[in-house]
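The first residue of the sequence shown is numbered 1, and numbering continues consecutively from there. From a predicted model like this one, the values you see are computed outputs, not experimental measurements.
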Amino acid sequence: MIKETKSTCCYCGVGCGVIISSQNDKIIDIKGDPNHPANFGRLCTKGATLHLTAKLDNRLLYPEMRLTREATRKRVSWDDSLNYLTEQFAQTIEKHGPDSVAFYISGQLLTEDYYVFNKLAKGLIGTNNVDTNSRLCMSSAVTGYKATLGSDAPPACYEDIDSTECLFITGSNTAFAHPIIFRRIEDAKKNNPNLKIIVVDPRRTDTAQAADLHLAILPGTDVALYNGMLHVLLWEGMLDMAFINAHTNGFDALKDTVREYTPKMVADICGIKEADIITAAKWFGKGPSLSMYCMGLNQSIHGTDKNAALINLHLATGQIGKLGAGPFSLTGQPNAMGGREVGGMANLLSAHRDLANPEHRAEVAKFWGVESVPATPGKTAIEMFDAVKDGSIKAIWIACTNPAHSMPDVNNVIAALQNAELVVVQDAYNNIDTNQYADVLLPASTWGEKEGSVTNTERRITRVNPAVSKPAEARHDWAIMVDFAQRLEKRLAKSSNLFPYTTTEEIFNEHRETTRGRDLDITGLSYGLLNEQGPQQWPFKAGDTTGAARLYTDGVFQKPDGKAQFVNAIYKGTADKTDARHPLHLLTGRLRDQWHGMSRTGTVAQLFNHAEEPVIQMSADDMMRRSIKNGDIVKVSNKRGSLVLAAQLSDEVQASQTFIAMHWGSQFMHGLGVNALMPPTFDKTSKQPELKHTAIKIEKLELPWRMTVMRTIQNLDMLEKVRGLLANFDYATCGLFGRKTEHHVGMLILRAAHTQAPESGLIEQIDQILAMTDDMPLLNYQDAKRGISKRILVTNDSGKPEVTGVRLVGETLATDWLKEVMTSGEFTAELRRWALAPLSTPPAGQRSRGKIICNCLDVAENDIIETIQLGADLITLQNKLKCGTECGSCVPELKRLVAANSKH
Ligand SMILES: Nc1nc2c(c(=O)[nH]1)N[C@H]1C(S)=C(S)[C@@H](COP(=O)(O)OP(=O)(O)OC[C@H]3O[C@@H](n4cnc5c(=O)[nH]c(N)nc54)[C@H](O)[C@@H]3O)O[C@H]1N2
Ligand SMILES: Nc1nc2c(c(=O)[nH]1)N[C@H]1C(S)=C(S)[C@@H](COP(=O)(O)OP(=O)(O)OC[C@H]3O[C@@H](n4cnc5c(=O)[nH]c(N)nc54)[C@H](O)[C@@H]3O)O[C@H]1N2
Ligand code: SF4
Ligand SMILES: [Mo]
């Protein structure tokens, strides 16, 4: 029998509803929930492949522990591990005080998980050292909202996309990072061709290419742009003076400031045209205008100012609290909102209360039935790891985040983890960088197994439901923490019973009670109501029958006098100062089909087809100047670290700018990933680090010895073993490719380059790991003099001869062709001839399909371009090749290809 379970996608903050199909306690399929108001049945490439991530070969299944750093971790029982942790935490607290321990958690935890962590730290232990990866993500959005509107609440909703006339997308690559919102934007544009879309992004992303106006500002210059737009609006008399007078404070000071920001001056700062600034301002001023913004604003040392300067524009034009208007911050993680709601950060308290506010502290203490909540602010992410490094924090508990990958200046974070007395890591997967530093590793259950609730970008709470049981000894995050908290309560001889929960519903109900009378009041909600009536937006007070679609419709803001505050934001320059030694800007961000550190998406072959390996994207100009060709291996460095990867020609980056995706780390390459280079500097108010920009230099490396290995795999074992070898080469990457079939889960690709042939034994080790040893059915060609060898494995598993392994050493020119051969599996006479001949280039007439643009239906770039050159437009492409007809994530790219390749 196939069981269907309604739940929520565990990736981005769009919060799409899903229906999971399972059979015999195994997840077998997924589809979008047609009734969920976030997606109405749609899913993007990541959501649609979630069922392919539901496997056990990369899961943590048992607790593990080591008593000394030198020892290897051994499997232990839950009882032993939690007793050990209770004793260690208690002793540390007794000896060094409560602030000597810390919790670093995640916007991917469910609201109920989050609530328990927060109460454990602030209520039981008495430390505010609980911070989360939301510090790297949403923190400036929070401070921006609070400074201007008075509370951390996105005022708009998805419906506003359907009725806006000006969509101002800034610092957001919506097409990649919030694809289902982007589908809705495409629909809105189709229904209303007059809709103006403005995109502000230094890069020419897919999102930017869909815009009516792309403002390719220089990195970090946003505040100047928004002030400049306000200057134009002021000059043109397009401000809503009635709204300003009735509902805001502080306009006069801002007016004096923006007077200086003439279009000329702003054009110079931002590197864009004066006329474009004026156009953008006029479109915005006409309204209704909806802004959507994300990490291009938040991840900056001026993140709060960037947010506030943008919100200023909305307040000055009255573009807030009405249909189709408002400053709409897009949340990154699925439950970054929920985390903020329960106050799960170092400066927050339950239900949007502030730690700095003594009344708020007293309210929460009373609610929990504890004497007090500590007043000392907790350490925020960067400060927390610095304190671990300098020894003032002795023990750190990390859950549902991978800081050895995602924090800036990761070398420093790793040094901290190595210096800590005790590192606890609570994760669901074994393939993450942080795990290796864990003294105690705790296996958590994950998506598909967990129960609770999450809040999406538009304040909508959805239930998360289990489709299958948790595997082996994995436990739910909330349950692990409740068990630990109860033990610690006893050990510290506290007479309280702060953690009596046996279900997530009990936790939800307690959290609900803390919201009574607050801006996010959800006293009218219950699991029952959410189950029966579906997801709901907050506030949703007792007695209400629906939540609030938009906020501030009455012009009353969450400030003492009800008036919003203009922030006098001044442009203070950019953070990534390039100089003669580090002449290039490096930008970072996301790929369409990968999720952060890739513990899930990095196990699904088809999610590599769109972007196969770590690269640095460069402009033609910069490549030419350095004699770097597409695919050349380069060293990227600054004073914090270095990285060796391939250069890729890109028309998305401007001259003197480069881009590296944030996803690749030491699981997929030799090196720590882009955060080896990123600075730990942060915004003074939000404490959010500058993860978007830094200055770098690039040198071309001469690594004449090359190797490519490709192997069809049945599970992730070979990938896991290959990872262990990456550090043997100057340059090395590993990953997957292709698609899952009846017989295999895709293929593994290992690419390496080195100054000379590596020590003997290494290649044999690889052959061993990949089962391509001499006793297998191989075609072998060896040219010892030229240092070239080719090895091709032809097996018969599916009843006909198939190429299931390739190893090229010395020369790798035929890689792309052989990849296609392996994808099709076909073993031809031509291949046999090639394999046994001295030839290293592919046979004449063989071409590669290029990258896979449409992931759902497996349609490749070169086939698409060929069809366009024969005269096809988007509709014809969709009819003929079927690309872009399933999830739609590739439609922006298809449009680009049509524009670039059609002959008219
Ligand atoms: N596919 C995918 N989707 C995701 C995620 C993922 O890992 N993969 N992660 C989720 C999470 S947690 C988050 S936070 C979101 C992030 O979503 P986004 O913020 O949309 O994604 P990014 O690619 O990080 O950055 C957005 C854009 O900011 C631009 N930018 C850089 N500097 C500046 C600047 O100074 N000003 C302006 N205006 N723009 C600038 C970059 O060029 C980039 O295109 O995505 C969520 N969705
Ligand atoms: N240079 C650069 N760095 C960045 C960014 C950038 O744009 N540029 N973006 C930043 C942003 S916005 C973010 S949000 C962070 C994200 O950075 P991380 O938080 O490090 O990213 P993830 O890889 O999503 O980590 C989530 C972890 O939780 C685990 N997990 C999954 N489900 C569960 C579960 O149910 N329970 C538990 N306990 N564990 C689970 C996963 O295996 C994974 O290890 O990265 C930040 N770092
Ligand atoms: S847009 Fe994609 S990743 Fe985000 S919630 Fe929806 S299906 Fe999941
Ligand atoms: Mo994020």
Query raised in the report: Looking only at atom types and distance, does a side-chain atom of K394 sit under 3.5 Å from a main-chain N or O of S100, one as donor and one as acceptor?
Result: no
Query raised in the report: Going from OG on S300 to NZ on K306, what distance comes out if it is rounded to the nearest 0.5 angstrom?
Result: 4.0 Å
**Report entry** Backbone N/O of A381 and side chain of D131: donor-acceptor pair under 3.5 Å
**Finding:** yes
Query - Ring geometry between F484 and W397 (parallel below 30°, tilted from 30 to 60°, perpendicular above 60°) - result: tilted
Report summary line: Rounded to the nearest 0.5 Å, the CE atom of M292 sits from the CD1 atom of I169 at a distance of 7.0 Å
Requested in this report: Could you tell me whether the side chains of E112 and Y501 share a donor-acceptor contact shorter than 3.5 Å?
Outcome: no
Query - Partner of D354 under salt bridge (charged side-chain N to carboxylate O under 4.0 Å, His left out), chosen from R361, R340, R518, K146 - result: K146
Query raised in the report: What is the minimum heavy-atom distance between L422 and L85, and which atoms define it?
Result: CD2-CD2, 3.9 Å
Query - Donor + acceptor pair across side chains of S7, N465 (<3.5 Å) - result: no
Query raised in the report: Looking just at side-chain N and O atoms, do H693 and T574 make a donor-acceptor pair shorter than 3.5 Å?
Result: no
Requested in this report: Under the ring pair (Phe, Tyr, Trp, His ring centres under 6.0 Å) rule, what do Y293 and F168 come out as? Steps first, then yes or no, please.
Outcome: CA-CA 8 Å; Y293 49 103; F168 190 74; 9.4 Å; no
Report task. Compute whether any side-chain donor of one residue and acceptor of the other, for Q108 and N335, lie under 3.5 angstrom apart. Result -> no
Query raised in the report: How about W664 and H405: are their ring centres within less than 6.0 Å of each other?
Result: no
Requested in this report: Measure up the W478 and H476 rings against each other and bin them: parallel (under 30°), tilted (30 to 60°), perpendicular (over 60°).
Outcome: parallel
Query raised in the report: What's the shortest heavy-atom distance between H178 and C12, and which atoms?
Result: CD2-SG, 4.0 Å
Report summary line: Scanning both residues in full, the closest heavy-atom pair of P539 with R459 reads CD-NH1, 4.4 Å
Query - Parallel, tilted or perpendicular: ring planes of F385 versus Y104, cut at 30 and 60 degrees - result: perpendicular
Query raised in the report: Looking only at heavy atoms, what is the nearest atom pair of Q333 and W595, with distance?
Result: CA-CH2, 4.3 Å
Query raised in the report: Looking only at heavy atoms, what is the nearest atom pair of S453 and Y527, with distance?
Result: N-OH, 4.5 Å
Query raised in the report: Of all heavy-atom pairs between R59 and A474, which one has the smallest distance, and what is that distance?
Result: NH2-CB, 4.4 Å
Query raised in the report: Between atom OG1 of T111 and atom CG of D113, what is the distance when rounded to the nearest 0.5 Å?
Result: 8.5 Å
Query raised in the report: What class does the angle between the rings of F117 and F103 fall in, given that below 30° is parallel, 30 to 60° is tilted and above 60° is perpendicular?
Result: perpendicular
